[in-house]
Amino acid sequence: TGSYIIQGRSLEAVTAAVVAVDGEITHELGIINAVAATLTVPQRDELLVDPAILNVTKDSAFEVAGKPGGGTSDPSTDYPNLTSATALHGEGITGAGVTVAVLDSGSLSHASLNKDANGVWRFLSQYDAITNEVVAQVDMAYVGTKRGGTGITSDDDNGHGSHVQSVIVSSATGSNGFYNGIAPNAYLVSVKAFDVSGQGTYADVIRGIDWVVNNRDYLGVDVLNLSLSAAPQSHYWDDPLNRAVMRAWDSGLVVVASAGNTGPDAMSIGVPGNVPYVITVGAMSDNYTPGANNDDMLASFSAAGPTVEGFVKPEVVAPGGHIVGLMRADTTIATEHPEFHDGGAYFTMSGTSQAASVVSGVAALVLEAEPYL
């Protein structure tokens, strides 16, 4: 037996076809008219010749696109300054009113993530796509007030998701007096689709995207951050996860995806960064000299285009080397690489995950300043 994603002309038709061959349905993936199911080889072969079925794909593995490295520092961050986000903060542009959904390994319940720079609760919802349950959700009637607190739990046992969220929205300030996050007043939604080891499946990631799209209007989601990557196995339009990403883009979301850490060779862009509709982000390094830009360089791990279909990727590069962000000391990443943890609350990572997070924060700033875009 194996896990497969079965796509068809309608969710109802796919469900009926899988039930008819006695397959075990594990996920409903309405965003792409599909289900994930456990099938035997004969069951799979029956579905392949069913006229109601368009595609049967092995449920492949995914992983987050960040890695430990770069050396620790005090809990000050350079990337808001490198991107000139700090200058915008000084003008009052902080991502206020914009909601960023982060699909990753979960979240850390921390004051700088839960509350914005004004002490207002901004963590709106926490959804676990692995167990298919809403872990916590704020009463939306209290959004924008100091009464909106909710029981956010620290469900990130890997550490990657917390780090990514910190880069985007942290309202903490470092010793330099500047905000640690790119968009410290943006609203935050957390979607957990990766386990303690930073591994996930197509089915769980698609279910997470499906949930974001279905709850987009209620939660006011504007930006979807996908700091994850897998090797392409087909043309981008045939990949079931890419289909979900394109549906998210079509719903009006700004989708920001990692290029992947499989560079520097050409044609190394991963899924879903190979989707032409989304903003794909590569990583650059300031070479440990944030005050000088004459020695900045493309990170050696950053994946490069073009894609198989001939699209130029990534569209943009952003700081992705030795990025400081929040992470519990008892998470998998921190315990496996204690040399990059400061012993308190901060960890240093590198990757196109971190670069994509920077761009998601910048997108929040742009949308606050120009909400019609």
So, taking the atom named [atom1] in [X] and the one named [atom2] in [Y], what distance separates them when rounded to the nearest 0.5 Å?
{"X": "W121", "Y": "Y187", "atom1": "CH2", "atom2": "OH", "value": "13.5 Å"}
{"X": "I279", "Y": "W249", "atom1": "CD1", "atom2": "CH2", "value": "11.5 Å"}
{"X": "I206", "Y": "T201", "atom1": "CD1", "atom2": "OG1", "value": "8.5 Å"}
{"X": "L113", "Y": "S190", "atom1": "CG", "atom2": "OG", "value": "9.5 Å"}

Considering all heavy atoms, the nearest [X]-[Y] contact:
{"X": "T38", "Y": "T26", "answer": "OG1-CG2, 4.0 Å"}
{"X": "V18", "Y": "A37", "answer": "CG1-CB, 3.9 Å"}
{"X": "A363", "Y": "V254", "answer": "CB-CG1, 4.3 Å"}
{"X": "A248", "Y": "S251", "answer": "O-OG, 2.6 Å"}
{"X": "A364", "Y": "A183", "answer": "CB-CB, 3.9 Å"}
{"X": "G320", "Y": "F301", "answer": "O-CZ, 3.8 Å"}

Would the distance check show the side chain of [X] and the main-chain N or O of [Y] forming a donor-acceptor pair, the cut-off being under 3.5 Å?
{"X": "R122", "Y": "A186", "result": "yes"}
{"X": "T280", "Y": "A257", "result": "no"}
{"X": "D104", "Y": "G106", "result": "no"}
{"X": "Y79", "Y": "V324", "result": "yes"}
{"X": "S258", "Y": "T352", "result": "yes"}
{"X": "T307", "Y": "F311", "result": "yes"}
{"X": "T40", "Y": "Q43", "result": "yes"}

Checklist entry - Once the angle between the rings of W211 and Y127 is folded into 0 to 90°, is it parallel (under 30°), tilted (30 to 60°) or perpendicular (over 60°)? => result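 Aromatic pair W211/Y127 classed parallel.
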Using only heavy-atom distances, determine whether the side chains of [X] and [Y] contain a donor-acceptor pair under 3.5 Å.
{"X": "D59", "Y": "T57", "answer": "no"}
{"X": "T153", "Y": "D155", "answer": "no"}
{"X": "Q354", "Y": "S357", "answer": "no"}
{"X": "S171", "Y": "N185", "answer": "no"}
{"X": "S360", "Y": "N225", "answer": "yes"}
{"X": "D156", "Y": "S105", "answer": "yes"}
{"X": "E133", "Y": "T131", "answer": "yes"}
{"X": "D238", "Y": "N55", "answer": "no"}

Checklist entry - Which is it for E368 and T94 under the side-chain contact (heavy atoms from CB on, under 4.5 Å) test, yes or no, and what are the steps along the way? => result CA-CA 8 Å; E368 181 192 2; T94 55; 4.3 Å; yes
Item to check | Carboxylate-amine/guanidinium proximity below 4.0 Å for R44 and E46 | outcome: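 No, no charged N to carboxylate O under 4.0 Å.
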Path from [X] to [Y] over hydrophobic side-chain contacts below 4.5 Å:
{"X": "L367", "Y": "V169", "value": "yes"}
{"X": "Y179", "Y": "V100", "value": "no"}
{"X": "I31", "Y": "I6", "value": "no"}
{"X": "V275", "Y": "V256", "value": "yes"}

Item to check | Audit row: D210, H27, side chain to side chain donor-acceptor pair (under 3.5 Å) steps and yes/no | outcome: CA-CA 11 Å; D210 194 1; H27 299 66; over 6 Å; no
Checklist outcome for this item: Result for side chain to side chain contact (heavy atoms under 4.5 Å, CB included) between I333 and one of M349, H163, H341, R328 points to M349
Next on the checklist: Less than 6.0 angstrom from the centroid, inside 45 degrees of the normal: does K115 satisfy that with respect to the ring of F123?
Outcome noted: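 No, K115 does not sit over the ring of F123.
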Item to check | Heavy atoms of other groups near Y277 OH, more than 12 under 6.0 Å | outcome: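 Not more than 12 within 6.0 Å, no.
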Item to check | Residue pair N180 / Y346, side-chain heavy-atom distance below 4.5 Å | outcome: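 The answer is yes; the side chains approach within 4.5 Å.
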Next on the checklist: If you define the side chain from C-beta out and look only at heavy atoms, does anything of P314 sit under 4.5 Å from V281?
Outcome noted: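 They are not in side-chain contact.
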Item to check | side-chain contact (heavy atoms from CB on, under 4.5 Å) assessment of Y202 paired with R207 | outcome: CA-CA 8 Å; Y202 261 61; R207 181 154 67 183; over 6 Å; no
